[in-house]
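This report refers to the structure that appears directly beneath it.
Starting from 1, each residue takes its place in the sequence as its number.
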Amino acid sequence: MTDLVFSIVMLAAILLLVGAFLYWRRTGEVKQPALMVILALIAIGNVLIWTIPTPEGTAPVDLVEGAGAD
C-alpha cells in the first residue's frame, strides 16, 4: 500500500514541476510557480526520507510495513 502512496506522491511532484514550468512560460509570474516547485521538492524529500536506508540497512518504510504484518 505504501508503494502506491509513494508512486502517487512522485507523480504529483512531477506534475507540479511541469505545471510550474508551463504556468511560468504562459504568464511570466514567478511567485505561484516558485511555490509549486517548493511543494514538489518537499514531496520528493518526504519520499526520500521514507525510502532511503539508514546506516543499519533498513528504510523507515520497511519498519512500518513490518509492524503492520502482525
Side-chain angles (χ1 to χ4, degrees):
M1 183 66 170
T2 55
D3 293 337
L4 177 66
V5 173
F6 290 146
S7 298
I8 291 171
V9 170
M10 290 304 294
L11 286 173
I14 291 168
L15 290 174
L16 275 168
L17 291 173
V18 170
F21 176 74
L22 293 175
Y23 189 80
W24 171 70
R25 293 280 297 181
R26 178 178 285 188
T27 64
E29 288 187 41
V30 177
K31 184 178 179 182
Q32 190 75 20
L35 292 172
M36 293 168 72
V37 169
I38 290 170
L39 179 60
L41 293 175
I42 290 171
I44 293 169
N46 281 330
V47 171
L48 290 176
I49 286 171
W50 278 98
T51 56
I52 292 180
T54 61
E56 293 83 30
T58 59
V61 71
D62 295 334
L63 299 174
V64 172
E65 288 176 353
D70 290 339

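Nearest heavy atoms, Ala13 versus Ala40: O-CB, 3.6 Å. For the pair Pro60 and Ile49, the tightest heavy-atom approach, listed with the atom from each and the gap, is CG-O, 3.6 Å.
Among pairs with a residue in residues 2-15, those fulfilling side-chain hydrogen bond (donor to acceptor under 3.5 Å, both in side chains) read Thr2-Glu65, at least two apart in sequence or across chains. The list of side-chain hydrogen bond (donor to acceptor under 3.5 Å, both in side chains) pairs with a residue in residues 47-56, not counting sequence neighbours, reads Thr54-Glu56.
When the side chains of ILVMFWY residues are joined at heavy-atom separations under 4.5 Å, either directly or via intervening members, Ile14 and Leu17 end up in two distinct hydrophobic clusters. The hydrophobic cluster containing Leu48 also contains Met10, counting ILVMFWY residues as joined when their side-chain heavy atoms lie under 4.5 angstrom apart, directly or transitively. A chain of hydrophobic side-chain contacts below 4.5 Å, direct or via other Ile, Leu, Val, Met, Phe, Trp or Tyr residues, connects Val5 to Ile44.
To the nearest 0.5 Å, atoms CD1 (Ile8) and CG (Leu15) are separated by 11.5 Å.
Residues Trp24 and Glu29 have side chains not in contact (no heavy-atom distance under 4.5 Å, counting atoms from C-beta outward). Side chains of Val9 and Asn46 form no contact here, defined as non-hydrogen atoms less than 4.5 Å apart.
Met36 belongs to a hydrophobic cluster whose remaining members, ordered by chain and number, are Leu16, Leu39; membership requires side-chain heavy atoms of ILVMFWY residues under 4.5 Å apart, directly or through intermediates.
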| task | Apply side-chain contact (heavy atoms from CB on, under 4.5 Å) to the pair Phe6 and Val61, showing each step before the final yes or no. | result | CA-CA 10 Å; Phe6 290 146; Val61 71; 3.5 Å; yes

